[in-house]
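Each remark here refers to the structure printed beneath this line.
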Number of protein chains: 2
Amino acid sequence: MTAVSRDFNVQESTIDYGPLGNDLGYVLRRAQLWVFQDFIRTMTPLDLRPAQYSVLVIIHHNPGLSQIALASALGIERARLVRLLDQLEERKLVERRPAASDRRSHAMHLTPQGERALAGALDLVATHRLACLEEFGGPNNYETLVRLLARFGAPQ
Amino acid sequence: MTAVSRDFNVQESTIDYGPLGNDLGYVLRRAQLWVFQDFIRTMTPLDLRPAQYSVLVIIHHNPGLSQIALASALGIERARLVRLLDQLEERKLVERRPAASDRRSHAMHLTPQGERALAGALDLVATHRLACLEEFGGPNNYETLVRLLARFGAPQ
DNA sequence: TATTGTTATACTCTATAACTATA
DNA sequence: TATAGTTATAGAGTATAACAATA
């Protein structure tokens with residue numbers, strides 16, 4: 001292993017990854033894909049994708065939030081959120097209520113069914129977390145990663 | 001800050017992120033988005049996206065590779081790679097040559113123009129890396145992250 | 001029969017722009 | 001005039017399936 005070119009443990013092939021082995025964006029992307037695939041697999045019984053889960057979490061913890069505030073909190077476009085909420089509302093997991101003070105705005109809430117789905121999701125997330133702990137080399141490594149990445153979790 | 005709910009430094013709003021603050025998949029995803037956006041911004045003069053850059057790197061370091069081997073090395077579908085290579089071949093950066101031993105297969109190579117583009121990309125990647133070092137809290141944090149994530153960079 | 005590359009389809013996600021109804 | 005939500009479009013990326021040529 002050199003300073004530029006990190007060796008991976010590849011048994012079947014002898015691919016030279018060059019600078020990619022030390023490229024944070026590259027390894028970050030592939031790690032993230034692994035985590036999301038495990039998340040989706042684990043969440044199959046509830047048919048919840050990561051983005052949908054994060055919407056349920058934020059609404060649960062911040063009931064009455066507007067769509068703009070929700071989109072901003074999650075770092076997604078408000079246009080993208082509309083589709084996400086349409087799907088979740090069709091499934092009766094979330095509810096758009098008219099906002100008291102501003103008739104343009106919606107106050108987002110989980111339905112009782114949405115609360116139950118979230119509770120079930122949290123159980124499965126615990127299972128998923130165990131898989132991640134294993135895959136990332138134990139709780140210490142997991143916590144180190146979360147600590148080093150936490151600043152990206154919320155805007156500003 | 002509790003064990004469950006990490007506080008972010010949010011000035012303008014008071015969003016409760018609940019378990020997302022400690023969710024590796026969530027912070028991994030948002031960190032990865034930041035890095036890719038900075039990569040794309042930095043690479044604007046060359047109009048190279050992360051996936052395109054990674055294809056150039058692997059071909060440069062493993063000339064003659066088949067499409068199957070290339071897709072496998074990068075962890076993408078071979079069907080997806082076809083489109084990627086079509087675009088890069090249209091721009092005369094890569095070349096599909098007939099493979100000597102197997103007439104179904106292509107041997108991938110960079111053109112001289114592709115080699116020059118990659119050299120320019122490596123310069124810009126150095127700039128991008130400096131931005132990442134800053135954003136992730138210095139070289140120590142950067143190296144720790146790469147080390148903890150490196151196992152995902154290559155299959156198996 | 002199996003594999004390489006290709007085409008096609010469907011869905012998710014990102015990024016914009018423009019529209020409506022309210023403010 | 002600005003903002004909240006919506007609609008529409010284009011492109012990237014993921015996941016499949018099926019096909020032709022070749023092994």
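Protein chains get the first letters and strands the later ones, always in sequence-line order, with residue 1 at the start of each.
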Determine: side-chain N/O of A/Ser105 to OP1/OP2 of D/dG5, distance under 4.0 Å, yes or no.
yes
Does the pair A/Ile76 and A/Leu70 meet the rule for a side chain to side chain contact (heavy atoms under 4.5 Å, CB included), with working shown?
CA-CA 9 Å; A/Ile76 63 180; A/Leu70 180 53; over 6 Å; no
Looking only at side chains, do [X] and [Y] share a donor and an acceptor under 3.5 Å apart?
X        : Y       : result
A/Gln32  : A/Arg29 : yes
B/Tyr26  : B/Arg30 : yes
A/His106 : A/Gln67 : yes

Show every donor-acceptor pair shorter than 3.5 Å between a side-chain atom in residues 118-134 of chain B and any protein atom, with sequence neighbours excluded, or say none if there are none.
| from | atom 1 | to | atom 2 | distance (Å) |
| --- | --- | --- | --- | --- |
| B/His128 | ND1 | B/Asp38 | OD2 | 2.7 |
| B/Arg129 | NH1 | A/Asn22 | O | 3.3 |
| B/Arg129 | NH2 | B/Glu143 | OE2 | 3.2 |

Of the residues in residues 86-99 of chain B, which ones touch DNA chain D at a heavy-atom distance under 4.0 Å?
B/Gln87
Starting from [atom2] on [N], measure out to [atom1] on [X] and report it in whole angstrom.
X        : N      : atom1 : atom2 : result
B/Leu81  : D/dT16 : CG    : P     : 18 Å
A/Arg30  : D/dT14 : CZ    : C1'   : 14 Å
B/Arg49  : D/dG11 : CZ    : P     : 12 Å
B/Gln32  : D/dA12 : CD    : P     : 16 Å
B/His106 : D/dT22 : NE2   : P     : 10 Å
A/Leu85  : D/dA4  : CG    : P     : 15 Å
B/Leu74  : D/dG13 : CG    : P     : 12 Å
B/Leu84  : D/dG11 : CG    : P     : 15 Å

Between B/Tyr17 and A/Gly153, which heavy-atom pair has the shortest distance, and what is it?
CE2-O, 3.6 Å
For residues B/Ile68 and A/Ile15: do they belong to one hydrophobic cluster (side chain heavy atoms under 4.5 Å, members Ile, Leu, Val, Met, Phe, Trp, Tyr)?
no
Looking for any heavy atom pair under 4.0 Å, which part of the strands does B/Arg83 touch: base, sugar-phosphate only, or nothing?
nothing
Treating primed atoms plus P, OP1 and OP2 as sugar-phosphate and everything else as base, which nucleotides of nucleotides 14-23 of chain C get B, S or - for protein heavy atoms under 4.0 Å?
BSB-B--BBS
Should B/Tyr142 and A/Leu148 count as side-chain neighbours, where that means a heavy-atom distance under 4.5 Å?
no
In terms of side-chain geometry, is the basic nitrogen of B/Asp86 or B/Arg96 positioned less than 4.0 Å from the acidic oxygen of its partner?
yes
